[in-house]
Amino acid sequence: MTSHDPSGLETRLALAEAVAREAGAVALDYFSRRETLVIETKRDPQDVVSIADREVEMLIRARFAEAYPDDGVLGEEYGLEPGRSGFTWVIDPIDGTSPFVNGMPNWCVSIALLHDGVPVVGVISAPCHDELYAAALGRGARLNGKPLSLDASRTIRNAVTGIGANNHVTPASVGKMVEKLLEAGGNFVRNGSGALMLAYVAAGRLVGYYEPYMHAWDCLAGYCLVKEAGGWYLPFPVEGERLTKGAAVLAAAPSAIEDLRKVAGI
Ligand code: IPD
Ligand code: CA
Ligand code: CA
């Protein structure tokens, strides 16, 4: 914290960017020799993890603990360690582990910072694409340093919507959401990384993203990016134990909000 940065946010954003780059490089190294990884499964055979996820999260946690020992940390692989500063880092070391282990480039490192229940920093590194998305509350969103600003003329009918689903929700409900989106004149992609698709909403590549059940580490960095690019997100419940539980995730460009809320029934 300095006189130029009384809230400490700029300094934390700069650190998050540096850490995301470093973590992305470590993950990319594992990706380049993924045939050597032992793939383990979690909730079902589609829910995979490897040493790459764990090592990358340990690296990120170590960097933040060193710089901000009083900040809390929540990571997908090692859980919640509450802090005392009012700031909590929320980390997904590799979002898109399925594309990662299957040799597809759609994965990223996702780092958010929560303060007063709001994501105030969001950084997403997509090493295979050489892209770094970064945002801080009130300071705008950038992709590789270039400011992002959403186009108000894009709707679900003239642009593409990202969707996702996992085994927390029923096949029938997933079918229904696809049906409703198509009936409303929309179309969809799913690339296997919800966090990266949220970054694509901020970049204007997708007009929105909907997934009925994701966790804080999947969405908070993307949410900060979308908001700072001029979009909207459905607040994620972060009070108490809710922070570690799942909830619906929805983000959209301005002219897609109402249509996507209808699709999601929210
Ligand atoms: C998953 C991805 C996927 C989404 C799942 C997430 P992971 O995260 O974001 O796109 O549909 O709900 O759990 O397991 O790759 O970190
Ligand atoms: Ca994830
Ligand atoms: Ca993950």
Side-chain angles (χ1 to χ4, degrees), residues 20 23-24 26-28 30-31 34 37 39-61 73-80 89-112 119 122-128 133 160-171 173-175 177-178 181 188-202 205-206 208-223 225-226 233-234 236 243-251 264:
V26 172
L28 187 60
Y30 277 114
F31 183 69
R34 62 193 167 277
L37 297 174
I39 312 301
E40 300 155 50
T41 58
K42 298 206 270 192
R43 280 170 57 89
D44 72 17
Q46 298 281 359
D47 189 6
V48 286
V49 68
S50 80
I51 190 174
D53 303 73
R54 289 193 279 264
E55 289 285 316
V56 172
E57 183 168 323
M58 288 217 309
L59 169 80
I60 298 170
R61 293 178 92 106
V73 186
L74 168 65
E76 177 174 13
E77 308 305 335
Y78 292 102
L80 177 64
W89 297 97
V90 182
I91 302 159
D92 194 339
I94 298 176
D95 184 79
T97 297
S98 174
F100 184 98
V101 302
N102 288 299
M104 290 178 273
N106 306 321
W107 53 269
C108 62
V109 176
S110 178
I111 297 175
V123 176
I124 289 183
S125 163
C128 290
Y133 297 80
V160 183
T161 300
I163 59 169
N166 50 35
N167 70 358
H168 287 274
V169 294
T170 64
S173 68
V174 178
M177 96 183 169
V178 172
L181 179 60
F188 66 91
V189 291
R190 176 176 198 258
N191 73 7
S193 168
L196 191 55
M197 283 188 280
L198 285 165
Y200 287 175
V201 176
R205 296 173 184 173
L206 298 175
Y209 184 74
Y210 173 52
E211 177 152 352
Y213 186 102
M214 285 214 289
H215 287 91
W217 50 80
D218 300 308
C219 70
L220 291 182
Y223 271 4
L225 284 157
V226 169
Y233 64 79
L234 180 74
F236 191 92
L243 179 59
T244 58
K245 312 271 187 256
V249 166
L250 179 61

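First listed ligand is number 1; within each ligand, the first listed atom is number 1.
Checked against a 3.5 angstrom limit, the closest N/O atoms of G96 and ligand 1 fall inside it. Looking at S98 next to ligand 1, no N or O pair under 3.5 Å apart turns up.
Set against the non-hydrogen atoms of N166, the atoms of ligand 1 under 4.0 Å away are 5 (C), 12 (O). Near I94, meaning under 4.0 Å from one of its heavy atoms, ligand 1 places the atoms 16 (O). Of all atoms in ligand 1, listed by their number and element, those nearer than 4.0 Å to a heavy atom of E211 are 4 (C), 5 (C), 11 (O), 12 (O). Every atom of ligand 1 with a heavy atom of G192 under 4.0 Å away is listed here by number and element: 2 (C), 3 (C), 10 (O). Residue-ligand proximity, A165 to ligand 1, at heavy-atom distances under 4.0 Å covers atoms 11 (O). Here is the list of ligand 1 atoms found below 4.0 Å of a heavy atom in D92: 16 (O).
Under the 3.5 Å distance criterion, the side-chain polar atoms of E77 are left unmatched by any main-chain donor or acceptor of E57. A side-chain donor-acceptor contact under 3.5 Å links Y223 to the backbone of L234. The closest donor-acceptor contact from the side chain of N166 to the backbone of H168 lies under 3.5 Å. At least one donor-acceptor pair closer than 3.5 Å links the side chain of R190 to the backbone N or O of A165.
Distances from the Ca ion (ligand 2) to each N, O or S atom of D218 single out OD1 as the nearest. Note on D95: its N/O/S atom closest to the Ca ion (ligand 2) is OD1. The N, O or S atom of E76 with the smallest distance to the Ca ion (ligand 3) is OE1.
Under a 4.0 angstrom heavy-atom cut-off, N191 registers as lying outside contact with ligand 1. At least one heavy atom of E76 sits less than 4.0 Å from an atom of ligand 1.
Contact annotation for D95 and ligand 1: heavy atoms of both the backbone and the side chain come within less than 4.0 Å of the ligand. Contact annotation for M197 and ligand 1: no heavy atom of the residue comes within less than 4.0 Å of the ligand.
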*Take E76 and D53 through the side-chain contact (heavy atoms from CB on, under 4.5 Å) test and state the conclusion after the steps.*
CA-CA 9 Å; E76 177 174 13; D53 303 73; 5.8 Å; no
- Any chance you could lay out the side-chain contact (heavy atoms from CB on, under 4.5 Å) test for L74 and T244, step after step, and finish with the verdict? CA-CA 8 Å; L74 168 65; T244 58; 3.9 Å; yes
task = Apply side-chain contact (heavy atoms from CB on, under 4.5 Å) to the pair W107 and N191, showing each step before the final yes or no.
result = CA-CA 9 Å; W107 53 269; N191 73 7; over 6 Å; no
Check your understanding: After noting the C-alpha distance and the side-chain angles of Y200 and Y133, does the key distance pass the side-chain contact (heavy atoms from CB on, under 4.5 Å) rule?
Key -> CA-CA 9 Å; Y200 287 175; Y133 297 80; 3.2 Å; yes
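Angle OD1(D92) to the Ca ion (ligand 3) to O(I94): 80° [nearest 10 degrees].
Counting heavy atoms from C-beta on, the side chains of L59 and V26 come closer than 4.5 Å.
With rounding to the nearest 0.5 Å, the separation of CG in N106 from CG in D95 is 10.5 Å.
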